[in-house]
Amino acid sequence: MSDLAAQPSVEQAPLEGVIKGEVLRMYQEVADHPEQEFHFFHGREAAEMFGYEREWLERAPAGAVASFAGVGNPHLRSHLQPGETVLDLGSGAGLDSIIAGWQVGPTGHVLGVDLNPHMCAKAEAHAALAGGTMECRKGTMEDIPLPDASVDVIISNGVINLSFRKRRVIGELYRVLKAGGRVSIADIVSAKQLSQSIVNDPKLWAS
Amino acid sequence: MFTLFDHAGFKRVKSAVVPGFRFRKASTQDSAEAFGVKAVMMTALKPGEDSGP
């Protein structure tokens, strides 16, 4: 979705709730029924398309790989170091958190944030199966449930475009990062202003 | 979105198109192309004490 939706009008407030519900429903569907076909690529097919290392996909729990629904590979430029604290914004089924956990090692920390508490539980379970740990907090990207200046790196994959309040989200990224901290995200942008009919269609937001 | 990162105070905001990204359904892909929809990688830095302007 375009930056058109960076600042919602008062009239858009009910629509925001509808769209959040649709987004939740869509990603829950990917997590619960990854064998289905969606209009976007997902699972191992998508991860391979975006250059995820074969070793990662072999080593990660099958459920985390099957439910992957990213749009790129934030690990290509995250340059994670042992001991760093990483926030995975919109951690979903946990594949990116697991990969981040391998890179920061036992002295590092991976914190996930997801709108859906069931996805948080699933991501934590997948991380445990992968031999690591992550702590996932239910919350929104517009109000990240973390203190100021608390993380070294933020990764995110196909999530920020889903927000009506992108300016607020980016401000939250800035708030929770430590000075000198960095962001590495993959996301969807549009070069043209989207029509109001597109902006108002919940099914397209969940695309 | 790039402008939002700049306005928030981030430095060294960089982006690159994700090669190979496409939608599975041809109709969705056609609509995406019509609106210039693409996947991008973005990196940005929150200035630190020694990161300079």
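Note on naming: letters A, B, ... go to the chains in the order of the sequence lines (proteins, then strands), and numbering restarts at 1 for each one.
A/H75 is linked by a ring pair (Phe, Tyr, Trp, His ring centres under 6.0 Å) to A/Y52, A/W56, counting only residues two or more places apart in sequence or in another chain. Checked against ring pair (Phe, Tyr, Trp, His ring centres under 6.0 Å), A/F41 has no partners two or more places apart in sequence or in another chain.
Within the 4.5 angstrom heavy-atom criterion, no atom of B/A26 approaches chain A. Contact of A/N157 with chain B is not made at all, since no heavy-atom distance falls under 4.5 Å. In this structure, no portion of A/I154 lies under 4.5 Å from any heavy atom of chain B.
The distance from atom CD1 of A/I188 to atom CZ of B/F21, rounded to the nearest 0.5 Å, is 3.5 Å. Note that the CG atom of A/D187 and the CE atom of B/M42 stand 9.0 Å from one another [nearest 0.5 Å]. The CZ atom of A/R77 sits 7.0 Å away from atom OG1 of B/T43, with the distance rounded to the nearest 0.5 Å. One distance of note links CZ of A/R167 with OG1 of B/T3; it measures 9.0 Å at 0.5 Å rounding.
Nearest heavy-atom pair across A/I170 and B/L4 is CG2-O, 3.7 Å. For A/S190 against B/V37, the heavy-atom pair with the smallest separation is CB-CG2, 3.7 Å.
By the neighbour-count criterion of 12 heavy atoms within 6.0 Å, atom NZ of B/K38 is sparsely surrounded, having that number or fewer from other residues, nucleotides or ligands. Atom NE2 of A/H42 has more than 12 neighbouring heavy atoms from other residues, nucleotides or ligands inside a 6.0 Å radius.
If you tally non-hydrogen atom pairs under 4.5 Å between each of B/S27, B/A39, B/S15 and chain A, the highest count goes to B/A39.
Aromatic ring pairs are classed by plane angle as parallel below 30°, tilted from 30° to 60° and perpendicular above 60°; the pair A/Y174 and B/F10 is perpendicular.
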> side chain to side chain contact (heavy atoms under 4.5 Å, CB included) between B/R22 and A/M49: does it pass, once the steps are laid out?
Replying inline: CA-CA 10 Å; B/R22 65 189 188 281; A/M49 182 188 298; 3.8 Å; yes
>> Please determine whether side chain to side chain contact (heavy atoms under 4.5 Å, CB included) holds for the pair B/M41 and A/I185, giving the CA-CA distance in whole Å, both sets of side-chain angles, and the decisive distance to 0.1 Å.
In response: CA-CA 6 Å; B/M41 294 293 311; A/I185 65 170; over 6 Å; no
>> Determine whether A/I160 and B/M1 satisfy the following criterion, side chain to side chain contact (heavy atoms under 4.5 Å, CB included), listing intermediate values before the conclusion.
In response: CA-CA 9 Å; A/I160 297 172; B/M1 199 183 307; 4.0 Å; yes
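Panel note: side chain B/K46, backbone A/L177; a donor-acceptor pair is recorded below 3.5 Å.
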